[in-house]
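Numbering of ligands and ligand atoms starts at 1, following listing order.
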Amino acid sequence: MTNQNVMVSDMAITVAVSNSSLFPPASQKPPAVPGSYITISNKKLLQNLDINGGARINAWVDSMRASSPTHIKSSALSDDLNSWIVHHPSALDMFEQITNASKGKQIVMFLDYDGTLSPIVDDPDRAFMSKAMRATVRELARYFPTAIVSGRCRDKVYSFVRLAELYYAGSHGMDIKGPSKGSKYKKGAQSLLCQPACEFLPMVDEVYKTLLEVAKSTPGAKVENNKFCVSVHFRCVDEKKWTELAQQVKTVLKEYPKLRLTLGRKVLEIRPTIKWDKGKALEFLLESLGEIPFYFSCWNCSI
Ligand SMILES: O=P(O)(O)OC[C@H]1O[C@H](O[C@H]2O[C@H](CO)[C@@H](O)[C@H](O)[C@H]2O)[C@H](O)[C@@H](O)[C@@H]1O
């Protein structure tokens, strides 16, 4: 199968196709967008966050800081960015080439939610999607099987998007559901449901309740129940309190070796240790839907 990655920002969609002569390999990340934020390697950050392996709290808080970089000046449009754009052109400008490359195979659209379909906002409960964006996604789904893949709870994403014809993969891909009325794209008549982390539900719920209590002592902290995982938001927490919050979360998780901690955009994410993630969810959906994945995600994920 040809591997393709598509990244989208507010203004431009960029496509990179690996194993193809059309585009260079998709392994490179875009450089920081001037006027936006500095790009930080998430992989590096996550290596520092193996709390079950006993990472020091200071290293952990450093990672939280690094995931929340300061705003940079919009003056210099860097050479790096220009050269990245040349090699990763807008998918909208390359539409014919992409169609030719797909050679009649079924294209499947995968969309991230936060920061892609909705703006990043302080209150995660208010990350609404615009009417125009909803209309665009509805139109997209008329032509391609379309899935939204998110770290959030599936029901929450659905409450924002409200498009019954889509596939939804919530809880970082651990809760996948197809359109309730079935889909014109799916092989077979049965509605699609995949929840590989079911056995963790009671544990995750228990941790959610504990963290909810614990986080009350940190002004601005918000704990979000994402069903198969939990998010502890620190976007609105004074930086001076980050160490304390991180320590509290770490202490709670010591009792749960089967849960692991990762770092998102100003959010600590707690999830089961199973070998399942958004990538697996994509593979699962591709197997049931088609062959060519297009993944639309935030261009610069350090916001
Ligand atoms: O993996 P993702 O689908 O990108 O989910 C990651 C987290 O997304 C949401 O939080 C982010 O967006 C919020 C609303 O704009 C923002 O306040 C927060 O700082 C961001 O991290 C979601 O609320 C989290 O549960 C997800 O873990």
Report task. Any chance you could lay out the salt bridge (Lys or Arg N to Asp or Glu O under 4.0 Å) test for Glu224 and Lys222, step after step, and finish with the verdict? Result -> CA-CA 6 Å; Glu224 189 182 3; Lys222 187 170 173 96; over 6 Å; no
Query - Whether Tyr113 side chain and Gly170 backbone form a donor-acceptor pair below 3.5 Å - result: no
Report summary line: In ligand 1, the atoms that come under 4.0 Å of a heavy atom of Asp122 are 17 (O)
**Report entry** Contact with ligand 1 for Pro119, non-hydrogen, under 4.0 angstrom
**Finding:** yes
Query - Option whose closest heavy atom lies nearest to atom 16 (C) of ligand 1, chosen from Asp114, Asp112, Val121 - result: Val121
Query raised in the report: Which atoms from ligand 1 have a heavy atom of Glu224 less than 4.0 Å away?
Result: 22 (C), 23 (O), 24 (C), 25 (O)
Query raised in the report: Does Ser171 use its side chain to pair, donor to acceptor, with the backbone of Asn226 at less than 3.5 Å?
Result: yes
Report summary line: Here the atoms of ligand 1 under 4.0 Å from any heavy atom belonging to Pro124 are 14 (C), 23 (O)
Query raised in the report: So is there a nitrogen or oxygen of Ile120 less than 3.5 Å from a nitrogen or oxygen in ligand 1?
Result: no
Report task. Any salt bridge (charged side-chain N to carboxylate O under 4.0 Å, His left out) involving residues 126-139? Give me the pairs, sequence neighbours left out, ordered by first then second residue. Result -> Glu139-Arg142
Query - Element-labelled atoms of ligand 1 that are located less than 4.0 Å from some non-hydrogen atom of Val267 - result: 21 (O)
Query raised in the report: Any idea which atoms of ligand 1 are less than 4.0 Å away from a heavy-atom of Glu269?
Result: 6 (C), 7 (C), 26 (C), 27 (O)
Query raised in the report: Should you measure from each heavy atom of Ser150, which atoms of ligand 1 turn up under 4.0 Å away?
Result: 3 (O)
Requested in this report: Could you tell me which atoms of ligand 1, counted from 1 in the order shown, lie closer than 4.0 angstrom to a heavy atom of Ser231?
Outcome: 24 (C), 25 (O), 26 (C), 27 (O)
Requested in this report: Answer with side chain, backbone, both or neither: which part of Arg235 has a heavy atom less than 4.0 angstrom from an atom of ligand 1?
Outcome: side chain
Report task. Give the numbers and elements of all ligand 1 atoms closer than 4.0 Å to a heavy atom of Lys278. Result -> 1 (O), 2 (P), 3 (O), 4 (O)
